[in-house]
Structure formats: structure tokens, C-alpha cells
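The model shown is predicted, which means the values in this text are computed figures rather than measured ones. Quick note: numbers below take in every heavy atom, side chains included, and nothing from hydrogens, waters or symmetry partners.
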Amino acid sequence: MAQEQLEEISAEFARQWWKTLMANAVALVEDAAVLAQHQSPGRAQALVVLAMEELAKARWLYTAAEWEWTAPLGLYGMTPRPAESIMVPEGLQTTRRPHAEKLQVAEQFASGLGGFWDASRRNEYYSLADLETFEVTARQRNLDKQAGFYVDRSGGSLTSPLHVPAGEVEADIKRAAQVIQMHLIEDHTRQQDASDSSLVDSVEDLHWAVMPYAQPEEFAAFVARISDDTST
């Protein structure tokens, strides 16, 4: 079997690619919320899983490119230098990895969510379980995605996306939004100590777009506060 050809891309293109992946992940969450509100939990469930797959691809790319994106900022006591090219991660090469493997990456990253927000559980964020730990969960997530799109038959039994119960789809949307938000915050934090703020490549628009789904109560309170301020 021929080996996959290694491919280099510029750090600038990698950044554009990462932002496009993250924007699509946010948009999939937004679409899932609309479907859930219109009594289509099956398709909403499927879009949440697709959002997590896009997040996994973004994480692969971020891991490969983070150092080069940071190089021009002069952080960590390093002398600023132009960003160099990076190698396209294996998971994003022409031969795609199985969906379940993307979801393993996404679920592994998501497992650090509690530790990201709660200082008393910080080890959960910094010490993630091995990727294999999430194999069963990833397979189930992939089945959830398929169940939201396709009619299937098992013997004399039929399953349809139209029969998927509402269940916990709203909680799934909120969790996916929070995981996406966590990665966006990581990117913001990486750049915040740059000596030249003009070099910071902000994705604040994505922060605002995902916030109503990641922190719905806090966002609603913020909007109410702003509305009160502008009316007085």
C-alpha cells in the first residue's frame, strides 16, 4: 500500500482553514438549535454530531499549526519570527479517517470541559484519558448521527429520523456549543499576551455566535441588561 504523500501548507492558509472549520461547527450548532425548536430532534441530533466532527478536524489542525501561529507574537520569551509552513495532519490528508475516530478526538477533548471551568477539577482538563477510552462513545455518536438522517430496517422493525425522541437533544446542543467555546477561548488565551496587539488574530465573532447556545442563561441576562441600559 502506498504511503500518504506529505503535504505542506502555509501557516496563513492553515489559519484560514481552522477558522472555516470552527465557523462551520458553530453554524451546525445554530442549525441544530433551529431544528430542535421545530420538533425535528433526530436531524438536530445528527447536526450536533457533525459539529463535533468538524471540531475534531479543527483540533488536528490547531495542534499542528499552533506553534507557527504563535511564532510572530514573540510569546514565552521567544524572539518574534515569521511563521513557517506546516505539515497537513494525517487526519486531514486526502485519505480521510473514519468518522468514529474523529469523534474519539472530539469526545476526548470534550471530557476536559468540567476541568476547564472548575479550578478544583483542573486535572480533568490537563490530563485527558487515552483516546481508546472514548471508542465506544464515539461509535454511539456515529450511530446517533445516522439515526438522525436515515430510515433503517432490522428484520420487521423500522427506525426513522422522524421517530427519534426529543430526549436530551437540547443538552447535547449546549454541550457541543460549550466544547466549541472552550477551544475558541484557548485560542484567545494563547494570543492575549502578544506585545503587538495588531498581530492578534481574533475570532470574537465566533465567540458571540456560539454564546447563546453555550451559556444561554448568562447570554439572556446580558441581553436583558443591555436592553435596560439602552432604554434608560
Side-chain angles (χ1 to χ4, degrees), residues 1-32 45-73 81-113 125-146 148-150 175-177 179-191 201-203 206 210:
M1 182 181 295
Q3 286 188 327
E4 190 73 43
Q5 191 75 19
L6 297 179
E7 181 185 2
E8 288 189 4
I9 56 175
S10 70
E12 181 181 6
F13 181 78
R15 185 68 180 175
Q16 180 185 352
W17 190 358
W18 177 81
K19 288 195 287 188
T20 303
L21 286 167
M22 293 302 293
N24 195 40
V26 172
L28 285 164
V29 166
E30 292 174 320
D31 290 349
Q45 170 184 278
L47 292 191
V48 169
V49 179
L50 287 175
M52 293 295 280
E53 288 189 20
E54 290 293 82
L55 174 69
K57 290 158 65 178
R59 287 288 304 162
W60 272 325
L61 189 56
Y62 198 90
T63 300
E66 178 181 5
W67 183 254
E68 293 305 323
W69 291 342
T70 302
L73 304 181
R81 63 167 175 80
E84 298 178 359
S85 61
I86 66 164
M87 304 303 300
V88 175
E90 183 183 355
L92 297 177
Q93 292 173 9
T94 304
T95 303
R96 302 298 183 182
R97 289 177 178 265
H99 295 294
E101 189 164 349
K102 293 180 198 171
L103 291 168
Q104 278 181 264
V105 171
E107 290 299 323
Q108 181 190 48
F109 181 62
S111 70
L113 191 59
Y125 172 68
Y126 287 113
S127 302
L128 301 178
D130 292 339
L131 199 60
E132 292 74 16
T133 305
F134 304 94
E135 184 175 354
V136 173
T137 302
R139 286 178 180 171
Q140 183 57 54
R141 294 280 188 261
N142 199 44
L143 291 174
D144 292 341
K145 178 182 67 178
Q146 294 174 24
F149 284 137
Y150 307 117
R175 177 177 179 266
V179 175
I180 292 167
Q181 182 188 51
M182 176 168 62
H183 189 35
L184 292 170
I185 292 172
E186 285 180 333
D187 181 63
H188 173 78
T189 303
R190 176 182 61 83
Q191 302 181 75
D201 186 14
S202 174
V203 285
L206 297 182
V210 81

Counting N and O atoms only, with roles assigned by atom type, does the side chain of Trp69 sit under 3.5 Å from a partner on the main chain of Ala11, one being a donor and the other an acceptor?
yes
Decide side chain to side chain contact (heavy atoms under 4.5 Å, CB included) for Val49 and Phe149; before the verdict, give the C-alpha distance in whole Å, the side-chain angles of both, and the deciding distance to 0.1 Å.
CA-CA 12 Å; Val49 179; Phe149 284 137; over 6 Å; no
Check side-chain hydrogen bond (donor to acceptor under 3.5 Å, both in side chains) between Glu107 and all other residues, then give those that pass, not counting sequence neighbours.
Arg141, Arg175
Taken in chain and number order and not counting sequence neighbours, the residues that satisfy salt bridge (charged side-chain N to carboxylate O under 4.0 Å, His left out) with Glu8 are none
Heavy-atom side-chain contact between Leu28 and Asn24 under 4.5 Å:
yes
Can you tell if the side chain of Met87 reaches within under 4.5 Å of the side chain of Ile9, non-hydrogen atoms only?
no
Report the distance from atom CD1 of Ile86 to atom CG of Leu61, rounding to the nearest 0.5 Å.
5.0 Å
Could you tell me the separation between the CG atom of Leu50 and the CG atom of Leu103, rounded to the nearest 0.5 Å?
9.0 Å
For Asp201, check side chain to side chain contact (heavy atoms under 4.5 Å, CB included) against everything at least two apart and list the hits.
Arg15, Lys19, Gln191
On a heavy-atom basis, the closest approach of Ala177 and Val29 is CB-CG1, 4.1 Å
What one should report as the nearest heavy-atom pair of Glu53 and Asn142 is OE2-OD1, 4.1 Å
Residue pair Pro89 / Ala64: nearest heavy atoms and the distance that separates them
CG-CB, 3.7 Å
I'd like to check Trp60 versus Lys102 (side-chain heavy atoms, cut-off strictly below 4.5 Å). Are they in contact?
yes
For Thr70, side chain to side chain contact (heavy atoms under 4.5 Å, CB included) partners two or more places apart
Glu66, Leu75, Tyr76, Arg190
Rounded distance [0.5 Å steps], CE in Met52 versus CD in Gln104:
12.5 Å
For Gln108 and Ala129, indicate whether the former's side chain and the latter's backbone hold a donor-acceptor pair under 3.5 Å.
yes
Could you measure the distance from the OG1 atom of Thr20 to the CD atom of Glu54? Nearest 0.5 Å is fine.
10.0 Å
Does Glu186 have any salt bridge (charged side-chain N to carboxylate O under 4.0 Å, His left out) partners at least two apart in sequence or in another chain, and if so, which?
Arg59
Side chain of Glu68, backbone of Ala83: donor and acceptor closer than 3.5 Å?
no
Ignoring hydrogens, what is the shortest heavy-atom contact between Val203 and Asp187? Give both atom names and the distance.
CG2-OD2, 3.9 Å
Reported CG-to-CG distance for the pair Leu21 and Leu92, which is rounded to 0.5 angstrom:
7.0 Å
Derivation and outcome, side chain to side chain contact (heavy atoms under 4.5 Å, CB included), residues Leu47 and Lys145
CA-CA 7 Å; Leu47 292 191; Lys145 178 182 67 178; over 6 Å; no
Can you name the ring pair (Phe, Tyr, Trp, His ring centres under 6.0 Å) partners of Phe109, sequence neighbours left out?
His183
What closest approach, in Å, do Ala65 and Ala14 show between heavy atoms, and which atom pair accounts for it?
CB-CB, 4.2 Å
Crowded around Gln140 CD? As in, over 12 foreign heavy atoms under 6.0 Å?
yes
